[in-house]
Amino acid sequence: MTSSAAWRIEPVGPLFGDVSVRGSKNAVTKHMVAALLGDTPSQVTNAPQIGDVEITAGMLRALGAEVAIAEDAVVVDPQADLVGEVPVSFTGLNRIPILMLGPLLHRVGHVTVPLVGGDRIGARPVDFHVSALRALGAEVETTAEGVEAKAARLRGARIRLPYPSVGGTETVLLSAALAEGRTVLENSAIEPEVIELALFLQRMGARIELRPDRRFVIEGVERLSGASHRIGGDRIEAFSYLIAGLATGGRVRVYGCAQDRLVTAISTLHRMGARFEITDDWIEARADKLEPAVVQTHPHPGFMTDWQSPLVVLCTQADGMSVVHETVFEDRFAYIDALQAMGAEIELFDACLGGPGCRFHEADARHSVVIRGGRPLHGVEATIPDIRAGFAYVIAAAAAEGSSLLHDVHHLERGYSRPFESFAGLGLQITRIAG
Ligand code: EPZ
């Protein structure tokens with residue numbers, strides 16, 4: 001991957017065609033971490049070809065695990081003596097090091113991980129992870145370089161997350177599975193990718209129950225063994241390609257992502273005038289006329305935050321005023337500048353618009369937007385700030401008049417499986433310019 005590579009995009013009108021999505025980015029890497037807990041190798045299939053898998057494989061190898069990647073299969077063999085230090089060279093590359101703490105405490109007893117990165121979409125602290133590990137009996141210290149933890153043995157505890165955090169829930173699942181005794185986790189995230197991780201751990205031998213009211217109950221066991229799993233389809237990619245069809249007035253058929261992962265997305269797009277054909281194998285969307293929308297992002301089963309940026313682009317193509325209120329991350333509208341430069345009429349507000357107040361109602365954070373749709377977009381030269389914003393730029397560039405030049409496409413390649421080929425397959429004219 002060349003970090004400064006760019007795409008030149010020439011819009012061709014409506015995008016038509018088929019796209020196949022692979023397994024979810026936000027599930028595959030967590031399964032690779034879970035594999036550290038087994039005493040035999042684990043395998044995941046349907047793995048996407050993305051930078052995040054390579055980065056995570058690099059971390060696991062640095063710890064001493066063997067990782068083999070062939071086609072869509074990733075095999076992690078954790079049987080060697082592991083070291084408890086994720087090297088600082090992985091600082092800031094993704095969110096995965098923080099999830100390694102629990103498994104490495106079980107395997108090695110003392111752990112150092114570097115500062116986590118991920119997209120710059122808000123403060124993204126790791127306090128829930130740290131508090132949960134302390135509740136489970138670890139001594140944890142945060143330093144300027146990262147997090148250090150040690151524990152002779154983790155012990156089950158009752159933990160309540162202040163917010164249903166995906167990563168926070170995953171840290172508890174990954175840490176409690178081999179802890180001594182029972183862990184009760186209240187206010188858990190129940191995103192499909194989290195449930196998938198819980199099922200994988202169950203397959204490895206963990207005793208995990210999901211009770212009503214977002215409560216996981218985990219009875220620690222003595223050992224876990226390796227397991228195999230086919231990663232479920234990436235619902236963020238699936239949604240984004242459906243939007244690419246709708247925003248350009250075309251029709252995209254997406255294979256590889258089950259309908260039940262897209263329920264809220266489908267109902268939201270229905271309200272905007274989209275018509276769907278849905279089978280066991282594919283989902284197709286089209287619209288004769290797009291209506292504006294009022295949408296708030298929420299933890300699952302709400303409208304997910306990672307669908308927010310493509311939705312905003314779609315709203316620029318709907319006649320009338322739409323409102324989008326981001327309640328999960330406080331700073332997830334950094335990409336709006338580029339859409340404004342393309343001619344979109346969008347205004348940012350720090351108030352909670354379109355619904356009840358959220359955690360950010362008194363924060364100095366512009367987390368609501370009003371979009372006056374129906375204005376033509378024109379091409380732009382822009383630098384992609386993060387994965388999801390980057391994809392939104394591509395959709396906007398495809399829906400615009402005139403060519404666009406998008407820099408830093410490495411963000412797209414970290415999170416989407418072969419996006420260049422998929423867009424080219426839909427008829428979009430793209431040229432890749434090496435940096
Ligand atoms: C995961 O991030 C995903 N990343 C994100 O996808 C996704 O947007 C997010 O979940 C929400 O669905 C991965 O799975 C790698 P959180 P995560 O913990 O786990 C606050 C993408 O584009 N919080 O659910 O980091 C946090 O600041 C990415 O693929 C704390 O305050 O998200 C946020 O406001 C972007 N303290 C809220 O909770 C903590 O210790 C939800 O974050 C942890 C989180």
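Starting from 1, each residue takes its place in the sequence as its number. First listed ligand is number 1; within each ligand, the first listed atom is number 1.
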**Side chain His106, main chain Ser175, donor-acceptor under 3.5 Å** = yes
**Asked** What residue and atom, counting heavy atoms only, is the protein's closest point to atom 33 (C) of ligand 1, and at what distance?
**Response** Val328 O, 3.3 Å
**Asked** Of all the atoms in ligand 1, which lie at a distance below 4.0 Å from a heavy atom belonging to Arg388?
**Response** 21 (C), 22 (O), 29 (O)
**Message:** For atom 16 (P) of ligand 1, what's the nearest protein heavy-atom neighbour? Residue, atom name and distance, please.
**Reply:** Val166 N, 3.6 Å
**Fill in**
The closest protein heavy-atom partner of atom 23 (N) of ligand 1 is Phe128 CE1, 3.5 Å
**Complete:** If we number the atoms of ligand 1 from 1 as shown, the ones under 4.0 Å from a heavy atom of Thr305 are 8 (O), 11 (C)
**Request:** Could you list the atoms of ligand 1 found under 4.0 angstrom from a heavy atom of His129?
**Result:** 40 (O)
**Asked** Would you call Asp52-Arg95 a salt bridge at under 4.0 Å N-O?
**Response** no
**Request:** Ignoring hydrogens, just give me the one of Ala27, Ala132, Gly167, Ser24 whose non-hydrogen atom is nearest atom 19 (O) of ligand 1.
**Result:** Gly167
**Asked** If you count the atoms of ligand 1 from 1 in the order shown, which ones are under 4.0 Å from a heavy atom of Arg359?
**Response** 34 (O)
**Phe333 backbone acceptor or donor facing Arg366 side chain under 3.5 Å** = no
**Item:** For Val126, the ligand 1 atoms whose distance to one of its heavy atoms is below 4.0 Å
**Value:** 40 (O)
**Message:** Looking at Pro78, is its backbone amide N or carbonyl O close enough to the side chain of Arg107 to form a donor-acceptor pair, meaning the two atoms are under 3.5 Å apart?
**Reply:** yes
**N or O pair under 3.5 Å between Gly168 and ligand 1** = no
**Request:** Report the nearest protein non-hydrogen atom to atom 8 (O) of ligand 1: residue, atom name, distance rounded to 0.1 Å.
**Result:** Asp306 OD1, 2.9 Å
**Request:** Would you check if the side chain of Ser42 reaches a backbone N or O of Gly226 as a donor-acceptor pair within less than 3.5 Å?
**Result:** no
**Asked** Are the side chain of Ser188 and the backbone N or O of Arg214 linked by a donor-acceptor pair below 3.5 Å?
**Response** yes
**Request:** Could you tell me whether Arg182 and Glu209 have a side-chain N and a carboxylate O separated by less than 4.0 Å?
**Result:** no
**Request:** Verify the distance criterion only: is there a donor paired with an acceptor across the side chains of Tyr416 and Arg388 at less than 3.5 Å?
**Result:** yes
**Request:** Can you pull out the closest protein heavy atom to atom 32 (O) of ligand 1? Residue, atom name and distance to 0.1 Å, please.
**Result:** Phe329 CZ, 3.6 Å
**Request:** Specify the protein heavy atom at minimum distance from atom 14 (O) of ligand 1: its residue, its atom name, and the distance to 0.1 Å.
**Result:** Lys30 NZ, 2.7 Å
**Message:** Which label fits His270 and Phe276: parallel for a plane angle under 30°, tilted from 30 to 60°, or perpendicular past 60°?
**Reply:** perpendicular
**Request:** Can you sort out which atoms of ligand 1 are near Arg332, meaning under 4.0 Å from one of its heavy atoms?
**Result:** 8 (O), 22 (O), 35 (C)
**Salt-bridge criterion met for Glu180 and Arg155 (N-O under 4.0 Å)** = yes
**Where ligand 1 meets Lys25 - atom numbers and elements under 4.0 angstrom, heavy-atom basis** = 21 (C), 29 (O)
**Asked** Nearest protein heavy-atom contact for atom 15 (C) of ligand 1: which residue, which atom, what distance?
**Response** Asn26 OD1, 3.4 Å
**Request:** Can you pull out the closest protein heavy atom to atom 25 (O) of ligand 1? Residue, atom name and distance to 0.1 Å, please.
**Result:** Arg124 NH2, 2.9 Å
